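Okay, structure first, notes after.
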Amino acid sequence: SPLSIIRKESKTKHPHQWSVSDVCGWLEGIGMGEYVSEFAKNLIDGEVLLEIDDHDLSVLHVHETHTEHITQSIAKLKGKSLEEKAVRQW
């Protein structure tokens with residue numbers, strides 16, 4: 001189905017290349033789907049996501065109890081993105 005193709009593509013793309021819908025799918029995947037509309041409304045794509053900090057999350061109305069989970073998940077993405085860049089440079 002087209003949806004499974006889109007999901008597969010977002011898994012193979014580097015996080016900094018993600019579209020807004022990839023970011024929304026990632027939010028759903030980490031159990032933070034309640035913030036999908038806010039992230040989509042603010043056009044948060046992968047490049048922006050990787051730069052988000054606690055202040056940005058509060059502006060996006062992320063409840064403070066969820067901030068740490070999201071920032072840790074972003075940190076994991078950053079680590080993954082850096083590893084992939086290093087592999088590409090070899």
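Just so we're clear, the structure is a prediction, and the values are computed from it rather than from any experiment. Only heavy atoms go into these numbers, but all of them, side chains included; no hydrogens, no water, no symmetry mates. Numbers for residues simply follow the sequence, beginning at 1.
In this structure, Leu77 CG and Leu49 CG are separated by 6.0 Å, a value rounded to the nearest 0.5 Å. To the nearest 0.5 Å, the span separating CD1 on Ile70 from CG on Leu27 amounts to 6.0 Å. Separating the OG1 atom in Thr67 from the CE atom in Met32 is a distance of 9.5 Å, to the nearest 0.5 Å.
Using a 4.5 Å cut-off on side-chain heavy atoms (C-beta onward), Trp18 and Ile44 make no contact. In this structure, the side chains of Phe39 and Leu57 come closer than 4.5 Å at one or more pairs of heavy atoms. Ile30 has its side chain within reach of Ser73: a pair of non-hydrogen atoms, C-beta onward, lies under 4.5 Å apart. Counting heavy atoms from C-beta on, the side chains of Leu50 and Pro15 come closer than 4.5 Å. At least one side-chain heavy atom of Ile52 sits under 4.5 Å from a side-chain heavy atom of Leu60.
With His63 contributing its side chain and Thr65 its backbone, the two residues share a donor-acceptor pair below 3.5 Å. Under the 3.5 Å distance criterion, the side-chain polar atoms of Asp45 are matched with a main-chain donor or acceptor of Glu47.
With sequence neighbours excluded, no residue satisfies side-chain hydrogen bond (donor to acceptor under 3.5 Å, both in side chains) with Glu34. Here Glu38 pairs with Lys41 under the salt bridge (charged side-chain N to carboxylate O under 4.0 Å, His left out) rule; sequence neighbours left out. The side-chain hydrogen bond (donor to acceptor under 3.5 Å, both in side chains) check on His69 picks up nothing, with sequence neighbours excluded. By the ring-ring contact (aromatic ring centres under 6.0 Å, His included) test, His66 pairs with Tyr35, sequence neighbours left out. For Asp56, there are no side-chain hydrogen bond (donor to acceptor under 3.5 Å, both in side chains) partners at least two apart in sequence or on another chain.
Using a 4.5 Å cut-off between side-chain heavy atoms of Ile, Leu, Val, Met, Phe, Trp and Tyr, Val20 falls into a hydrophobic cluster with Leu43.
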